[in-house]
Amino acid sequence: MTTSTFKSTGHTEGVRRPGRWLALSVLVLAVLLVAVDATVLGLATPFLSEDLEPTGTQLLWIGDVYSFVIAGLLVSMGSLGDRIGRKKLLLIGATAFGAVSVLNAYATSPETMIVARALLGVAGATLMPSTLALIRNLFHDPRERSLAIGIWGAMASAGAAVGPVVGGFLLEHFWWGSVFLINLPVMAVLVLVGVKLIPESKNPDPGPWDLPSVALSLVGMIGVVYAIKELASHGPSLDAGLAALAGAGALTWFVRRQLTLPAPLLDMRLFRHRGFSGAVLADLLTILGLSGLVFFLSQFFQLVQGRQPLEAGLAELPAAVGAVTAGLIAGVAARRFSVRSVVTAGLAAVGLSLAVLTTLDQHTGYPLLGAALLVVGIGAGFSFTVTADVILSSVPKEQAGSASAVSETAYELGAALGIAVLGSIVTGVYRGFPTPAGVPADVTAAAHESLGGAVEASGALAPDTATALVSAAQEAFVDGLRIAAGVGAAVLLATAVAAWFLLRGQKLEDGVAH
């Protein structure tokens, strides 16, 4: 599979667009915000619960519906951008994202909040694949494009770690709606700069946008992600099983339909390309390791080691620093050594860091935790950036939106799987902890739901009993975290070995060749 190639720097000078780096800086800010919005609500949940008084089910939907909708619509929106124009879709999406952020900030009921979060997910799904596809069009020099994708990947990876810091700061100074209003100035700048500096690009011969495929993609992805999250939160259930069956059935139908359409929403033949498939797999599992680790260490810092939200957010910053640093040099490293060695080393670094966390206990010092987070960030930055570059460079320019959507879908699925798969292990181990004698049945039930529930429920007990309950719960949570880290390490190290074989022969050269 070939792409447009430029054999020497001399040939690229004429196509280096003025203002491309300024345009990139605005595009990556949008990516950062979409990633931050996925994690920032976690810290705001207690304040939002107090104000809107949602039921337990409504609260889960407020937290999850954003990522469900994004995951369900990414492929469709990537394909729509290829058809109507990626710049047009990006500007429409950015305007909608800003407007719907206001609806989120001033929601007055749980129902309004759920609808507002879903609409924010629709807008977010237009932004993510459009930004990566536009980078393909802004940067024709493959070396510059690798650096641009590195910056883009660093912002996407850093968003998960930056969310708690931003959220912690805003919640200590303003009301919960402020976590949404920060989107407005960024989206305004994106629209104003984007109109002038971002060139339009689309597939010149796209074919129709197949609505049945859009519906199948939406039902399939939402079904799978919902099932994964249900399994993590509540263990095996009829709901999770039905959602998984519906999701898998819809995705199977989706794949079969794409193979028969003359102008498919997503060209499934791309997956016959070994490098493309290997890059998508590495992409997904890199984010699984990163998001799982960041999510659980966030709880560990706050509920086991007693840090405040802002302090816990800052404690996770080494992951963002590592991801940004590695992302910026990933393209150079992949050319100097090889694509497969850089991706394999990145995956192995994430796996080994998770392996180190199998030694974790309640009193583990920050130097070890900070170092593990830094190495995870560096590994994820190298692997995620190079795989995104391979995915984008493996396809004809006309299909950049669809390819970007595949990369983004791998990111979203990886994040959901990281929290769900590792979460189900933590939850399974945690729920079995023995409660001290004399604890009432209702408090015991609340304590076994989650570590946060145990800390809250202990407030109704005598001091000695409360301390014993919280201590037992914390110990069980750390036991679960150790086992989950071990499983995560095994998965990431196995993927590192698979990547070594799947990415054999992949190159990022002056003219990207495969």
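Computed from a predicted model, the values in this text were never measured in an experiment.
Inter-residue side-chain proximity for Phe97 and Asn183 is flagged as met; some heavy-atom pair is nearer than 4.5 Å. Counting heavy atoms from C-beta outward, Val280 and Ile391 have side chains that approach closer than 4.5 Å. Contact annotation: the side chain of Val69 never approaches that of Met221 to less than 4.5 Å [non-hydrogen atoms, C-beta and beyond]. Side-chain contact check for Phe254 versus Val219: every heavy-atom pair is 4.5 Å or farther apart. Two residues are said to be in side-chain contact when any heavy atoms from C-beta on lie closer than 4.5 Å; Gln305 and Gln362 fail this criterion. Looking at heavy atoms from C-beta onward, Leu251 lies out of side-chain contact with Val255 at the 4.5 angstrom threshold. A heavy-atom distance below 4.5 Å is found between the side chains of Ile135 and Trp152.
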Side-chain donor-acceptor pairs of residues 477-491 under 3.5 Å, sequence neighbours excluded:
residue : atom : partner : partner atom : Å
Asp479  : OD1  : Arg482  : NH2          : 2.3
Arg482  : NH1  : Leu360  : O            : 2.6

Only pairs under 3.5 Å count here: list side-chain donor-acceptor contacts from residues 347-358, not counting sequence neighbours, and write none if there are none.
residue : atom : partner : partner atom : Å
Ser353  : OG   : Ala349  : O            : 3.0
Thr358  : OG1  : Ala355  : O            : 2.5

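Rounded to the nearest 0.5 angstrom, Leu493 CG and Leu285 CG are separated by 11.5 Å. Note that the OG1 atom of Thr385 and the CG atom of Leu328 stand 8.5 Å from one another [nearest 0.5 Å]. For the atom pair CG of Leu368 and CG of Leu373, the computed distance is 9.5 Å after rounding to the nearest 0.5 Å. Remark: Ile151 CD1 to Leu27 CG distance equals 11.0 Å, nearest 0.5 Å. Annotation: the span from Leu284 atom CG to Thr387 atom OG1 amounts to 10.0 Å, rounded to 0.5 Å. Interatomic distance, Leu24 CG to Glu144 CD, rounded to the nearest 0.5 Å: 10.5 Å.
In this structure, the side chain of Ser178 engages the main chain of Trp175 through a donor-acceptor pair within 3.5 Å. Judged by distance alone, with hydrogens and angles left aside, the side-chain atoms of Arg340 form no donor-acceptor pair with the main-chain N or O of Arg504 at under 3.5 Å. Between the side chain of Thr364 and the backbone N or O of Asp361 there is at least one donor-acceptor pair closer than 3.5 Å. Side-chain N or O atoms of Ser383 include none that pairs as donor or acceptor with a backbone N or O of Gly379 at under 3.5 Å. Counting only distance, with no hydrogens or angles, the side chain of Gln474 and the backbone of Phe300 share no donor-acceptor pair below 3.5 Å.
When only modelled atom types and interatomic distance are considered, Thr344 and Ser341 share no side-chain donor-acceptor pair under 3.5 Å.
Ala315 and Tyr366 get closest at one heavy-atom pair: O-OH, 2.6 Å. Here the closest heavy-atom approach between residue Pro318 and residue Gly370 is recorded as CB-O, 3.6 Å. Closest non-hydrogen pair, Ala227 versus Ala240, comes out as CB-O, 3.4 Å. Across all their heavy atoms, Val390 and Ala279 have their closest contact at CG1-CB, 3.9 Å. Of all heavy-atom pairs between Met77 and Val122, the closest is CE-CG1, 4.2 Å. Ala282 and Val343 make their closest contact through CB-CG1, 3.9 Å (heavy atoms, listed as atom of the first residue, atom of the second, distance).
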Notebook entry, point to check: Going through the checks in order, is the side-chain contact (heavy atoms from CB on, under 4.5 Å) test met by Ser101 and Leu120?
Noted result: CA-CA 7 Å; Ser101 294; Leu120 202 64; 3.7 Å; yes
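Residues that satisfy the ring pair (Phe, Tyr, Trp, His ring centres under 6.0 Å) test with Phe433, not counting sequence neighbours, are Tyr430, His448.
Environment of CZ in Phe271: crowded, with over 12 heavy atoms of neighbouring residues, nucleotides or ligands closer than 6.0 Å.
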